[in-house]
Participant: 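Right, I'll just put the structure down here and ask away after.
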Amino acid sequence: MINRHRDTADERARRRMDSRFHVAISIASQSSRLTSAALQLEAELMTLWWGIPGHSGSESVLVDQHKAIVDAIRDRDADAAARAAEHHSRSEMEFLIEQHLRLTMRPEEGA
């Protein structure tokens, strides 16, 4: 999945793969609560996430973050997986906050 994400040229397809990655990781956790929350969050953020072209970081960075999470899980390194997931989540949240402010603030407010 990670290589397909990296090699896909279509931005909408990459974003769908990104959403699928997050849902797949939550399913792999075998937590119905986490899976439900991931699905709800993806649905709520879809407009912000998919409706605005470009990410504050490059797609390559996001794919590398996904790879770090998968590698840590594969290595059964819970601490590394948690650190990688936290780093990735923080990057995505910063992007979403930037987009929300860009959409809701007037230019004179410093957006």
Side-chain angles (χ1 to χ4, degrees):
M1 177 186 271
I2 290 173
N3 290 333
R4 261 189 324 177
H5 190 184
R6 183 184 310 274
D7 297 339
T8 300
D10 179 55
E11 186 172 331
R12 290 183 58 82
R14 280 195 316 269
R15 289 187 179 171
R16 280 191 300 275
M17 284 185 213
D18 183 73
S19 292
R20 288 182 189 141
F21 171 82
H22 291 270
V23 172
I25 290 295
S26 64
I27 290 169
S29 74
Q30 298 182 355
S31 166
S32 60
R33 184 175 178 194
L34 179 59
T35 301
S36 177
L39 289 170
Q40 182 179 359
L41 186 61
E42 290 293 329
E44 288 178 18
L45 297 177
M46 191 176 303
T47 302
L48 271 178
W49 191 241
W50 290 22
I52 300 164
H55 188 285
S56 59
S58 72
E59 281 297 320
S60 178
V61 170
L62 295 177
V63 172
D64 289 343
Q65 290 173 357
H66 287 181
K67 185 176 181 327
I69 294 167
V70 170
D71 288 347
I73 291 169
R74 185 177 299 127
D75 293 342
R76 299 184 183 277
D77 187 340
D79 291 335
R83 282 191 307 274
E86 182 178 344
H87 175 70
H88 181 62
S89 294
R90 187 170 297 144
S91 296
E92 290 194 330
M93 285 302 111
E94 288 172 0
F95 170 75
L96 290 170
I97 290 167
E98 289 171 10
Q99 296 313 314
H100 173 73
L101 292 175
R102 188 180 70 75
L103 291 171
T104 59
M105 291 180 71
R106 294 178 297 229
E108 64 272 11
E109 292 177 322

Participant: Measuring from atom CD of Gln65 to atom CD of Glu92, what distance do you get when rounded to the nearest 0.5 angstrom?
Facilitator: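 So the gap between those two atoms works out to 7.5 Å.
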Participant: When Arg90 is tested against each of His87, Met93, Glu94 for side chain to side chain contact (heavy atoms under 4.5 Å, CB included), which residue passes?
Facilitator: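 For Arg90, the side chain to side chain contact (heavy atoms under 4.5 Å, CB included) test succeeds with only one of His87, Met93, Glu94, which is Glu94.
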Participant: Got a sec, which hydrophobics cluster with Val23, joining ILVMFWY side chains under 4.5 Å apart, including via others?
Facilitator: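 Reading the cluster by chain and number, Val23 sits alongside Ile27, Leu39.
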Participant: Under the rule for side chain to side chain donor-acceptor pair (under 3.5 Å), what residues qualify as partners of Gln40, not counting sequence neighbours?
Facilitator: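 By the side chain to side chain donor-acceptor pair (under 3.5 Å) rule, Gln40 matches Glu44.
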Participant: For residues 72-84, dump all side-chain donor-acceptor pairs below 3.5 Å to protein atoms at least two apart in sequence or in another chain.
Facilitator:
{"residue": "Arg74", "atom": "NH1", "partner": "Asp71", "partner atom": "OD1", "Å": "3.2"}
{"residue": "Asp77", "atom": "OD1", "partner": "Asp79", "partner atom": "N", "Å": "3.3"}
{"residue": "Asp77", "atom": "OD1", "partner": "Ala80", "partner atom": "N", "Å": "3.0"}

Participant: Can you name the residues that form a side chain to side chain contact (heavy atoms under 4.5 Å, CB included) with Ser36, not counting sequence neighbours?
Facilitator: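 Partners of Ser36 under the side chain to side chain contact (heavy atoms under 4.5 Å, CB included) test: none.
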Participant: Of all residues at least two apart in sequence or in a different chain, which pass the side chain to side chain contact (heavy atoms under 4.5 Å, CB included) check with Ser31?
Facilitator: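 Counting only residues at least two positions away or on another chain, Ser31 forms a side chain to side chain contact (heavy atoms under 4.5 Å, CB included) with Ser29, Arg33, Leu34.
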Participant: Would you call the rings of His66 and His88 parallel, tilted or perpendicular, taking 30° and 60° as the class edges?
Facilitator: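 Perpendicular.
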